[in-house]
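Report on the following structure.
Just so you know, these numbers come straight off a predicted model, no measurement behind them. Heavy atoms only: backbone and side chains are in, while hydrogens, waters and symmetry mates are out.
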Amino acid sequence: MSAILIMIPVALFLAALGIAAFIIAAKKGQFDDLDTPALRAIFDDDETPPDSKKEKNITKEDDA
Amino acid sequence: MNPQQSEPTSCDHCGLPVPQGLLDPTAEHQFCCNGCQTVYTILHTAGLENYYTVRSAVDTKSQSATTTGNSYEELDDPIFTKTWLTTNDDDTVQIELLLEGMHCAACVWLIERLPRVAPGVIESRANIRRRTVTVRYRPDDIKLSKVAQSLDRLGYAAHPARGKKAHDIRIKEDRQFLIRVAVAGAMAGNIMLLAIALYGGAFSGISESWSTTFRWYSTVLGLLVLIWPGRVFFTGAIAALRTRTAHLDIPIALALLTAGFWGTLNTIRGVGEIYFDSIAVLVFLLLVGRWIQHRQQRAASDSVELMLTLTPSSATRINDDGSTKRVPIESVESGNSLLVAAGESFPADGTITDGTTTIDNALLTGESIPITATTGDQALAGATNLSSPITLRVQAVGEHTRIGRLMNLVAQASEHKAPVVRMADAIAGYFVIIVIILALGTFAIWTIIQGPATGIEHATALLIVTCPCALGLATPMAMSVALGRSARAGMLIKSAVVLEQLSKPGTMILDKTGTLTTGSTTVADTFGDQDLLEAAAAIEKSSNHPIARAIANHFTDLPTATDITQTTAQGITGTVHNQSILVGSVDFVLRSRNLELPPNLQPKVVRLLDRALTPILVHELPSNRLALIGVGDQLRQDAKESIKALQSRNWNLQICSGDHQRIVESIASQLHIQTHQGAVTPEAKAQHIQSFKDQITTNKHPVVMVGDGVNDAAALAKADVGIAVHGGAEASLQAADVYLVKPGVTPIVELLDLARSTITTIRFCMLFSLTYNIIVASLAMAGFINALIAAIVMPISSLTVVAICTRAGKNTKPSTSPQSLEPT
């Protein structure tokens, strides 16, 4: 049973990590727009650019 | 590459049929309009033909592209760029633009490939819900006007997103809200895991040390829930107490406080119930309910914001050297000379210094018939210049204009709007008092029977289990379901309180021009031979007068007219098929051709005048044929049925219009509305609403204003509920609580039905929730409630309420169409 003494704090620590990750994501604006990314994902790979200056624009989040 | 190429008559860009006149048999590609051709060319030069594949994959409704061809040079004005651009660390700048016409996944795809079309643009991110795009670009390589032009040439007219600061604050609020929901949810989950161990232990035995450990963990997590996400209920309750208003947060805070205090005490003592699992779940559920409603309301206000931005915000200034420049409205000053093109609205109040034109004041004053203005006459900001370009010397800009002063009235009225006591809050007031009395009673009785310790225990149990969580969920859930339904039905509701207010019949004051009528001059009726009418239209085509344009637009297949001479605002002559034709006002035509009005036409002229229409007579020589055309601002097609439906719902209807008394009278009699007033100034309209509100404060019937124009804005803000109809002015959008996206009056009937059905659902939920509370309160008073029963029963009642609420506003559809539209 003493395993629980270790496991409960570990579980709570993991939960805290999850919450922290969520807060960081929310503050960065990951949840501001829940509609467009779904549409964006459908077509991202279908692109066949005729020229070479293809840019991947998935790095920046809108938190201006 | 192009899927539509095999069909020669459909547009190569949008797939819609190409009009006969635009078919070019020699061309390789066919287009239905200039816009489509522009976009098609751009897409092919930039190698973005994939757009068509993407579009056919999403199976969206075809829309022909509308490119405005604007130069957008006003966006390069230093005053503008300083206000609206954000500079990043890497020498790039970014701006948010609102786009017209973005509606599907293919649009997102295309807009985000803007860097291909406009070199210098680094990145372009679309947001489909808000219809915005955030463009990041290098200002050294490309100007903002060029960015906007590129978007425009793709078929998405761009507008700077004003009110960005307010939006940033709102985004922060949204994020805080979401974080609270998530934290409460995560904590509630963990506390429940611990609670399972505790309940299991209570049934099958658990050692003292384990039980104490679990209780301490629960307490720490539970207190965290209370002081972090649960804090909103305490601040809400304190604010309500300070203003001495009843609010649902008060009983909730009371229960949370009792549970938190008692639970902690029991943990320290090592005996008694701790309740932390129940309150954590409760906080989570309540926050979820409020968050959903918040999101729903946000969506509505975002849509309204977009429409606000679509109004023009630039003017053409004439410099001293005679050159013209497009400048943002912020840099126009009193004394400047502006060029106002035909079809534009006046950006400022001023005097006309050059040119003669007709001005449409419909939005500003409610007058349905445009007036003629020439050098020396006044023009007001917000009115539309209809027929020819004029030069305007600016006398007042911004808030000093007539419309600006009106907007001040609007702001004042909105500020002084009395807060509405919502149903749930009104109940909460009594609820707190009853619960406290019951708790005191329970404490007293059990103290007598078994001593003060049992007394306190049962009284706290009562306070905790009667926490009105179901009551607190009922309103937000039902409202958000109803708001979502109404948005899909084309009604944007800015504040959910509106639904509560509209559930009871009251007084509805309707504007005429643009609300009950279409607000534009069109041909209502014609008498006479078709070829003669067409000939008249052909002659009218060369005039810019609004009535002439209405006639010219009404007919197709016009013959060629020659020798056209116009007598200002009276009549116009011309030759068609070797016949001399005169078109003009009845008196003018009769006088100039020396005629008597034939007996068969006399009653027709009278009938047209009765309908508040302007009769236009056509006379042909030498054949001596006559024709009659009735022109005017017509009733909307659905007006009669909708008014009847409203009256059958016991609403007291009135017309209050800025238009001439005679026209208002005629419209009122056609609609069978007894009370009507004409020639009312915008200020008087607001006064009128106020006097009505004063009259009927005793009973709780709402005063509703329905309008479209700037002249209605103050009244819309003053009324209990302001409804702006489709096509309304910016000012009325801002002032109103509800905006109807669909044209016509029928949506108002739908809105009332939706409100009534929503309130019925909410009442039912509240009844359920109160019944439940009575049961658990009696159990608690009898001493039967323990933490396990509370943990099981409390979420179940909340979930039941949520399930019932999904039905809010559902049975509106069948009740509107067949019942309301039939004559009663």
> In terms of heavy-atom proximity below 4.5 Å to chain A, should Arg295(B) be classed as side chain, backbone, both, or neither?
Replying inline: side chain
> Rounded to the nearest 0.5 Å, how far does CD1 of Ile8(A) lie from OG1 of Thr213(B)?
Replying inline: 7.5 Å
> Taking atom CD1 of Ile23(A) and atom CZ of Arg180(B), what is their separation to the nearest 0.5 Å?
Replying inline: 11.5 Å
> Checking side-chain contact (heavy atoms from CB on, under 4.5 Å) for the pair Ile179(B)/Lys27(A): CA distance, chi angles, key distance, verdict?
Replying inline: CA-CA 9 Å; Ile179(B) 289 173; Lys27(A) 289 210 165 142; 4.2 Å; yes
> Tell me, side chain or backbone of Ile19(A) under 4.5 Å from chain B's heavy atoms, or both, or neither?
Replying inline: side chain
> What is the minimum heavy-atom distance between Ala15(A) and Asn190(B), and which atoms define it?
Replying inline: CB-ND2, 3.5 Å
> Do Val183(B) and Phe22(A) pass the side-chain contact (heavy atoms from CB on, under 4.5 Å) test, and can you show the C-alpha distance, the side-chain angles, and the key distance before you say yes or no?
Replying inline: CA-CA 9 Å; Val183(B) 170; Phe22(A) 183 86; over 6 Å; no
>> Given heavy-atom pairs under 4.5 angstrom as the criterion, report whether the side chain, backbone, both or neither of Leu193(B) touches chain A.
In response: neither
> For Pro37(A), is it the side chain, the backbone, both or neither that has a heavy atom under 4.5 Å from a heavy atom of chain B?
Replying inline: neither
> For Asp174(B), is it the side chain, the backbone, both or neither that has a heavy atom under 4.5 Å from a heavy atom of chain A?
Replying inline: neither
> What distance separates Asn127(B) CG from Asp32(A) CG, expressed to the nearest 0.5 Å?
Replying inline: 8.5 Å
